[in-house]
Amino acid sequence: MKTVLKLEEAALFILGIFLFNRLSYEWWWFLVLILAPDLSMIGYVFGNKIGSFAYNIFHHKGIALLIYAIGCYLSIESIQLTGIILFSHSAMDRVFGYGLKYEKGFKYTHLGEIGK
């Protein structure tokens, strides 16, 4: 089952690349921005509760899709780009086993404990 879930997330990552390709940005923007959502880990400096909240906001695919939809509705490519980057990054993270975080600590995710 783990393999099927990873394949599904890989397909969603490819969807993100497809959606990015429809924008007028150069490809290097995708490469530069794809790791930007991980800056949300800075929240862990303030404790597990704030850290997990910040991390989960930036790694929630529903929020990413909402931002993308708002960008489409308003025809603002920079907002669309933000949604695509958040969505693609989240899918990429899940391929590697990094899920949404529990308040217990960074290594405790909805996909299981990191490192086990």
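The residues of the chain are indexed from 1 along the displayed sequence.
The number of heavy-atom neighbours closer than 6.0 Å to CZ of Phe58, taken from other residues, nucleotides and ligands shown, is 12 or below. Under a cut-off of 6.0 angstrom, the local environment of CZ in Phe30 is crowded, with over 12 non-hydrogen atoms contributed by other residues, nucleotides or ligands.
Counted by atom type alone, Asp38 and Tyr98 present zero donor-acceptor pairs between their side chains at under 3.5 Å.
Linking Ile, Leu, Val, Met, Phe, Trp and Tyr whenever their side-chain heavy atoms come within less than 4.5 Å leaves Met92 and Leu31 in two separate clusters. In the hydrophobic clustering of this structure, Leu86 does not group with Phe18; members are Ile, Leu, Val, Met, Phe, Trp, Tyr whose side-chain heavy atoms approach within less than 4.5 Å, directly or through other members. Residue Leu15 is grouped with residue Leu23 when hydrophobic side chains (ILVMFWY) are merged at heavy-atom distances under 4.5 angstrom, including chains of intermediate members. Residues Leu12 and Leu66 do not share a hydrophobic cluster, clusters being chains of Ile/Leu/Val/Met/Phe/Trp/Tyr side chains in contact below 4.5 Å. Neither Ile76 nor Leu33 shares a network with the other; the hydrophobic side chains, linked directly or stepwise wherever heavy atoms of I, L, V, M, F, W or Y lie under 4.5 Å apart, form separate groups for each.
Under the 4.5 Å side-chain criterion, counting only non-hydrogen atoms from C-beta, Met41 is not in contact with His59. The shortest distance between side-chain heavy atoms of Leu100 and Arg94 falls below 4.5 Å. Tyr25 places a side-chain heavy atom less than 4.5 Å from the side chain of Ser78. The closest side-chain heavy-atom distance from Ser52 to Tyr44 is below 4.5 Å.
At distances below 3.5 Å, at least one donor-acceptor pair connects side-chain atoms of Gln80 with backbone N or O atoms of Gly71. The main-chain N or O of Ile85 is never found under 3.5 Å from a side-chain atom of Ser88 such that the two would form a donor-acceptor pair.
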Worksheet entry | Residue pair Glu77, Arg22: steps toward the side chain to side chain contact (heavy atoms under 4.5 Å, CB included) verdict | CA-CA 10 Å; Glu77 276 200 344; Arg22 299 188 56 169; over 6 Å; no

Worksheet entry | From CA spacing to verdict: side chain to side chain contact (heavy atoms under 4.5 Å, CB included), Lys61, Glu9 | CA-CA 11 Å; Lys61 284 194 245 173; Glu9 294 299 337; 2.5 Å; yes

Practice prompt. Take Leu35 and His89, measure what side chain to side chain contact (heavy atoms under 4.5 Å, CB included) needs, and give me the verdict at the end.
Written response: CA-CA 7 Å; Leu35 295 178; His89 177 87; 4.2 Å; yes

Worksheet item: For Tyr55 and Asp93, what are the C-alpha separation, side-chain angles and deciding distance, and is it a side chain to side chain contact (heavy atoms under 4.5 Å, CB included)?
Response: CA-CA 12 Å; Tyr55 185 92; Asp93 266 8; 3.1 Å; yes

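Separating the SG atom in Cys72 from the CG atom in Leu19 is a distance of 8.0 Å, to the nearest 0.5 Å. How far CD1 of Ile84 is from CG of Asn21: 10.0 Å, rounded to the nearest 0.5 Å. If you take CD1 on Ile67 and CG on Leu81, they are separated by 11.0 Å, rounding to the nearest 0.5 Å.
Aromatic ring pairs are classed by plane angle as parallel below 30°, tilted from 30° to 60° and perpendicular above 60°; the pair Phe20 and Trp27 is tilted.
Taking the six-membered ring where the residue is Trp, the centroids of Tyr68 and Phe87 are separated by 6.0 Å or more.
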